[in-house]
Amino acid sequence: MTYLDNSASTRLDERVMDAMKPYYFDTYAVATSEFGYSMGIDAKEALGEARETIASSIGASTEEIVFTSGDTESSNMAIKGVCAALKKKKGEHIIVSKIEDFPVLNTAKNLEKKGQNVDYISVDSEGIVDLEELKSKIRDDTVLVSIQHANQEIGTLQDLDAIAKICKEKDVLLHTDATHSYMRVPIDVSKIPVDLITMSAHTIHGPRGVGALYVRKNTPLEKWMDGGFQESNRRAGLENIPGAVGFAKAVELVTEKETEFLASLRDYTVKRVFDEIPNVTLNGSKTQRIPQNANITFHYVEGESMTLHLDMRGFAVSTGSACFSRSLEASHVILGIGGDHERAHGSIRFTFGRYNSMEDVDAVVDAIKEIVSNLRAISPLYNK
Amino acid sequence: MKFPYTEKVLEHFKNPRNVGKLEDPDGKGLEGSPACGDMVAVYLQVDPDTQVIEDIKFESYGCASNIATASIITELAKGKTVEEAKKITWQEATEELGGLPPVKAHCSVLAVEGLRAAIRDYEEKHGLVSEKEPTTVDVLRSRLKHVMNPMAGLDIIRTELVTKMEINDGVVRILIDLPSNHQFAANIKEEIIEKIESLWDVKEVNVVFTE
């Protein structure tokens with residue numbers, strides 16, 4: 001199977017597994033205080049080292065990193081935590097973009113049902129947030145702006161610097177979901193005044209079920225899950241020490257060279273498709289784009305038919321077609337960038353990772369060329 | 001490999017029968033589902049003396065269920081008379097395929113509707129249609145039997161999602177027993193409107209959800 005769905009999840013790197021193993025079999029104690037027993041102290045140190053690695057990956061200090069169970073929890077924690085902390089002090093208005101991934105979008109929708117005021121900011125045809133609209137929507141009672149760094153489907157990168165400046169000027173907290181850009185597009189919190197960042201290990205060949213939230217010092221954040229006092233009383237629940245160690249290892253293994261290679265896979269895919277297949281549209285931006293994502297609509301054919309044919313030939317990709325989704329809804333991202341159902345219907349997302357090669361790209365483009373041509377031959381919309 | 005479809009569905013999906021177009025067909029139908037965006041076109045060639053469907057072709061802009069059902073439908077209809085072909089149901093097609101995932105029901109219903117639309121077109125062109133009947137609640141009910149409840153894979157009439165149907169001076173009001181923010185509410189509404197607004201004496205369709 002040639003796996004080209006690396007934004008959904010990635011294959012674990014063996015070196016990550018090797019780093020994690022001792023914390024399952026040897027140093028498996030919970031992290032104790034420095035007055036605990038030695039295995040617990042060792043565990044605590046390992047957690048501390050992992051925290052240092054994550055912190056330095058974005059220019060943060062260690063006490064600003066909270067380990068979580070992944071990006072969904074991180075984004076819930078950030079949005080619900082800030083809303084609860086500032087409800088009485090400042091107000092109940094938040095702003096998110098229309099093309100957020102479900103952890104942010106559905107958290108916002110759920111809060112809205114409970115009385116929170118939510119504004120959903122539009123994006124342009126490439127998926128870039130309308131900064132003027134953002135400025136105009138910020139009010140005195142706005143407690144948080146949550147705009148993703150990179151989009152999960154079309155890979156569009158936002159100008160986080162400009163967004164952060166707007167928020168800073170208006171004295172509003174900013175959260176960004178960086179799940180799909182983390183370690184591929186740098187963020188330095190010492191330069192960009194962003195207050196909260198969602199990160200996850202599963203998109204960088206790390207373990208599943210591990211993530212982190214960056215929380216800038218003095219950011220008001222109410223604890224949203226009740227339990228113990230772990231993570232400096234910010235996140236209740238037994239620390240996932242092997243997970244944190246694996247996350248840190250995964251971070252260490254990402255190199256700039258690899259990221260450049262992923263960009264070359266993306267560019268080669270787009271080039272071959274556009275050179276060899278007529279009636280295609282690139283979804284997202286040509287320039288403001290994460291290196292690992294190519295999202296293309298093949299007009300006059302349906303996405304689930306394409307993915308099933310590709311699956312039968314040994315390729316895993318995803319599509320924004322309603323027929324592919326559990327809810328039968330077309331991608332809100334493609335609709336958000338002004339695309340119609342038809343645009344979503346035939347969209348295919350290729351996302352690359354460490355274990356892909358140029359040969360994979362050649363093979364999948366060869367396959368899709370044939371599949372698209374066969375499906376267009378039976379399409380009532382295609383002029384043969 | 002593990003697929004959510006039966007061997008037969010996959011077989012018809014990979015090698016669909018009777019694909020393509022007929023030049024100067026005796027009847028043709030094009031049906032689309034606004035909910036998911038699938039479309040299917042069916043072309044018929046009918047022997048004027050025997051009323052037997054001599055040739056049938058289809059085209060699909062749809063997912064695997066849509067392609068496989070259209071393929072099997074053409075096999076079922078070929079060689080039958082128009083009257084016999086009219087009676088081919090979605091259930092029959094699905095059974096022939098060994099079943100389909102319930103959530104995919106509406107994609108496959110579309111294929112059956114494509115065939116019926118082609119037959120209707122044939123009958124209209126050949127003066128075989130009876131006079132226009134005014135739309136009644138019974139007409140509405142029979143139309144809504146073609147709207148699927150994706151949670152059950154059965155139509156919204158059988159699964160009692162429709163709690164009330166009214167028609168007054170061409171204005172239709174349909175009450176649906178679902179909250180308006182239900183994940184399938186928008187799809188169901190679109191499909192209901194699509195099925196009813198084409199009736200000759202209907203001016204307006206209102207779909208109301210319970211809150």
Side-chain angles (χ1 to χ4, degrees), chain A residues 1-3 102 106 109-110 112-113 279 297-316 319-332 334-335 339-347 370-384, chain B residues 1-5 9-11 13-21 28-43 57-68 70-71 101-108 110 114 148 150-151 181-188 190-191:
Chain A
M1 170 65 72
T2 303
Y3 184 77
F102 293 119
N106 286 344
K109 282 187 184 166
N110 189 23
E112 197 176 18
K113 255 194 264 171
N279 302 109
T297 292
F298 298 86
H299 295 281
Y300 314 117
V301 289
E302 190 281 320
E304 195 235 13
S305 283
M306 278 189 276
T307 57
L308 185 58
H309 272 299
L310 283 168
D311 191 6
M312 293 193 285
R313 294 171 186 222
F315 300 96
T319 163
S321 169
C323 297
F324 187 72
S325 76
R326 281 174 226 180
S327 63
L328 279 185
E329 275 170 17
S331 152
H332 70 280
I334 306 264
L335 301 180
D340 49 12
H341 263 267
E342 194 270 331
R343 176 99 165 260
H345 212 47
S347 68
E370 208 178 295
I371 290 164
V372 167
S373 150
N374 291 344
L375 288 173
R376 279 181 180 167
I378 69 164
S379 169
L381 297 178
Y382 192 63
N383 264 333
K384 282 144 262 192
Chain B
M1 271 185 266
K2 209 163 169 64
F3 299 108
Y5 300 111
V9 172
L10 291 175
E11 218 289 298
F13 169 64
K14 271 197 281 190
N15 304 302
R17 326 290 197 262
N18 304 308
V19 275
K21 223 178 197 152
K28 69 172 180 202
L30 178 68
E31 288 281 325
S33 158
C36 67
D38 279 2
M39 282 174 103
V40 63
V42 176
Y43 306 87
K57 294 256 190 263
F58 83 94
E59 292 175 312
S60 161
Y61 168 52
C63 60
S65 304
N66 183 281
I67 292 172
S71 171
V103 72
K104 294 289 184 184
H106 69 116
C107 328
S108 57
L110 206 57
M148 283 294 134
M151 293 164 283
N181 61 359
H182 188 273
Q183 64 167 346
F184 291 123
N187 290 336
I188 289 172
E190 272 184 90
E191 290 208 5

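Per chain, numbering begins at 1; letters A, B, ... match sequence-line order. Bear in mind that the values here come from a model prediction, so they are computed numbers and not experimental data.
- Remark: aromatic rings of A/H345 and A/Y300 are distant, center separation not under 6.0 Å.
- Electrostatic pairing of B/E59 and B/K28 does not count as a salt bridge here, judged by no charged N lying under 4.0 Å from a carboxylate O.
- For chain A, the nearby part of B/Y5 is the side chain; its heavy atoms alone come within less than 4.5 Å.
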TODO: Just do the side-chain contact (heavy atoms from CB on, under 4.5 Å) check on A/R313 and A/I371 with the steps written out, would you?
DONE: CA-CA 10 Å; A/R313 294 171 186 222; A/I371 290 164; 3.8 Å; yes
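- Looking only at distances, no side-chain donor or acceptor of A/T2 sits under 3.5 Å from a matching main-chain atom of A/F315.
- Per-residue heavy-atom pair counts under 4.5 Å with chain A were compared for B/S65, B/A64, B/C63, and the maximum is reached by B/C63.
- Residue B/K57: no heavy atom, backbone or side chain, is found under 4.5 Å from chain A.
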